[in-house]
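For reference, positions follow the sequence shown, starting with 1. Note: hydrogens, waters and symmetry copies are ignored here, and every other heavy atom, side chains too, is used.
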Amino acid sequence: MKFDALLFDCDGVLVDSEHITTAVLRQLLAEAGWEMSQQECLDTFLGKAILDQAPLIESRIGRPVTPQWMAEFRRRRDERLAAEVAPVPGIAAALDRLQTRYGRHLACASGADRGKIELQLTRTGLAPFFLPGRIFSGYEQAHNKPAPDVYLAAARALGVDAARCAVIEDSPTGVRAGAAAGATVFGFAPQGDGSALRQAGAAQLFARMDELPALLLG
């Protein structure tokens, strides 16, 4: 095998969730006085932990991002995700092929909070691909993405060198995290333009999940 372990981001790689989360965030920010388009919201927050963006949000809405505000965001977000989130097209078949070869050496390493990760994987039927102890949240590390902490933690738990891992990411923030960990990063660019991923450090780009097994199995 080309790698010792495969480390998957969650949002945008395993589950098609980013448009849902962004819509909820955009509505909450509008209620607080910061109006923006859906694309502007994606451009600003894609791949980033909302809590890490609190200083930016506070500078635009003129008030603190309180625990109550974060709790309301998560409540609305999780309600929408539970009803609407779907797997990324082709990911289940790709994981099925990859699991046959990699077995226990598949992990999900996301910048999201654990509750969101587990909700989405369960709702989309992807949870069985990731065995107990194979889900990692950036919120549980000293630093979230773009720091490498969550990927280093996943590699350590799997008992492999991060340099022998493949990371699958769809955002520049996540790509920088994987590259900083020393892993080989594959940038998922379903819209076709992966230049930002390449600039962030992706070693290879791909546009469809049915392409991924051949890239990783060699």
Side-chain angles (χ1 to χ4, degrees), residues 3-15 17-18 21-22 25 29 41-60 64-67 69-71 73-74 77 81 88 105-121 130 133-189 194-206 216:
F3 302 100
D4 292 338
L6 310 180
L7 311 179
F8 289 83
D9 178 41
C10 187
D11 296 282
V13 170
L14 298 175
V15 299
S17 59
E18 287 163 333
T21 299
T22 302
L25 177 61
L29 292 175
C41 197
L42 274 170
D43 291 344
T44 302
F45 295 102
L46 179 65
K48 301 173 183 176
I50 300 304
L51 196 57
D52 289 346
Q53 301 305 302
L56 171 63
I57 295 171
E58 290 169 352
S59 73
R60 297 301 299 266
V65 173
T66 63
W69 190 91
M70 284 300 304
F73 165 66
R74 289 178 176 174
R77 177 201 69 186
L81 289 170
V88 165
H105 288 117
L106 269 71
C108 174
S110 171
D113 56 276
R114 180 171 293 274
K116 181 188 182 190
I117 302 166
E118 293 181 347
L119 181 157
Q120 295 183 125
L121 295 180
F130 301 97
R134 299 296 187 266
I135 294 174
F136 302 86
S137 166
Y139 274 81
E140 297 169 4
Q141 313 304 321
H143 304 284
N144 209 333
K145 299 176 183 178
D149 300 33
V150 71
Y151 283 121
L152 293 173
R156 186 164 54 248
L158 293 173
V160 300
D161 186 339
R164 291 285 304 156
C165 292
V167 160
I168 299 87
E169 274 284 359
D170 73 315
S171 73
T173 298
V175 170
R176 285 194 289 272
T184 300
V185 184
F186 291 80
F188 179 48
S195 57
L197 302 181
R198 181 76 77 182
Q199 291 169 9
Q204 187 159 353
L205 304 177
F206 68 105
L216 297 176

*Asks:* Drop me the distance from Gln120's CD to Thr21's OG1, to the nearest 0.5 angstrom.
*Replies:*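 Spacing of CD (Gln120) from OG1 (Thr21) equals 6.0 Å.
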*Asks:* Side chains of Val65 and Met70, heavy atoms from C-beta outward: is any pair under 4.5 Å?
*Replies:*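 Sidechains of Met70 and Val65: in contact.
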*Asks:* Taking all non-hydrogen atoms of both residues into account, name the closest pair between Leu216 and Ala166 and its distance.
*Replies:*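 So the two residues come closest at CD2-CB, 3.7 Å.
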*Asks:* Has the side chain of Arg198 got a donor or acceptor atom that lies under 3.5 Å from a matching backbone atom of Ala203?
*Replies:*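 Confirmed, Arg198 side chain pairs with Ala203 backbone.
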*Asks:* Measure across Leu205 and Gly194 and return the closest heavy-atom pair with its distance rounded to 0.1 Å.
*Replies:*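 The answer is CD1-O, 3.6 Å.
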*Asks:* Distance check, rounded to the nearest 0.5 Å: Ser110 atom OG versus Glu118 atom CD?
*Replies:*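 CD of Glu118 is found 11.0 Å from OG of Ser110.
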*Asks:* At their closest point, which heavy atom of Pro172 faces which heavy atom of Ala200, and how far apart are they?
*Replies:*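 Closest approach of Pro172 to Ala200, heavy atoms only: O-CB, 3.7 Å.
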*Asks:* Using the side-chain contact (heavy atoms from CB on, under 4.5 Å) rule, take Ile50 and Arg77 through it: C-alpha gap first, then chi angles, then the decisive distance, then the call.
*Replies:* CA-CA 12 Å; Ile50 300 304; Arg77 177 201 69 186; over 6 Å; no
*Asks:* Shortest non-hydrogen contact from Leu197 to Ala189?
*Replies:*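 For Leu197 versus Ala189, the nearest heavy atoms are CD1-CB, 4.1 Å.
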*Asks:* Let me see the working for Val88 and Val13 under side-chain contact (heavy atoms from CB on, under 4.5 Å), right down to the final yes or no.
*Replies:* CA-CA 6 Å; Val88 165; Val13 170; 5.8 Å; no
*Asks:* How long is the span from the CD1 atom in Ile57 to the CH2 atom in Trp69, to the nearest 0.5 Å?
*Replies:*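 Reported to 0.5 Å precision, the distance equals 4.5 Å.
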*Asks:* Kindly give the heavy-atom pair with the smallest separation between Arg134 and Leu158, and that separation in Å.
*Replies:*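 The pair with the smallest heavy-atom distance is NE-CD2, 3.0 Å.
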*Asks:* Please test Leu29 against Phe45 for side-chain contact (heavy atoms from CB on, under 4.5 Å), starting from the C-alpha separation and ending with a verdict.
*Replies:* CA-CA 12 Å; Leu29 292 175; Phe45 295 102; 3.9 Å; yes
*Asks:* Is it the case that the side chain of Ser59 and the backbone of Leu56 share a donor-acceptor pair, with hydrogens and angles ignored and the cut-off at 3.5 Å?
*Replies:*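 Yes; at least one donor-acceptor contact below 3.5 Å.
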*Asks:* Applying the side chain to side chain contact (heavy atoms under 4.5 Å, CB included) criterion to Lys145, which one of Asp52, Asp9, Val175 satisfies it?
*Replies:*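 By the side chain to side chain contact (heavy atoms under 4.5 Å, CB included) criterion, Lys145 pairs with just one of Asp52, Asp9, Val175: Asp9.
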*Asks:* State, to 0.1 Å, how close Asn144 and Gly138 come at their nearest heavy-atom pair, and which atoms those are.
*Replies:*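 Asn144 and Gly138 have their closest heavy atoms at OD1-CA, 3.4 Å.
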*Asks:* When you look at Phe130 and Ile117, which way does the side-chain contact (heavy atoms from CB on, under 4.5 Å) test go after all the steps?
*Replies:* CA-CA 11 Å; Phe130 301 97; Ile117 302 166; over 6 Å; no
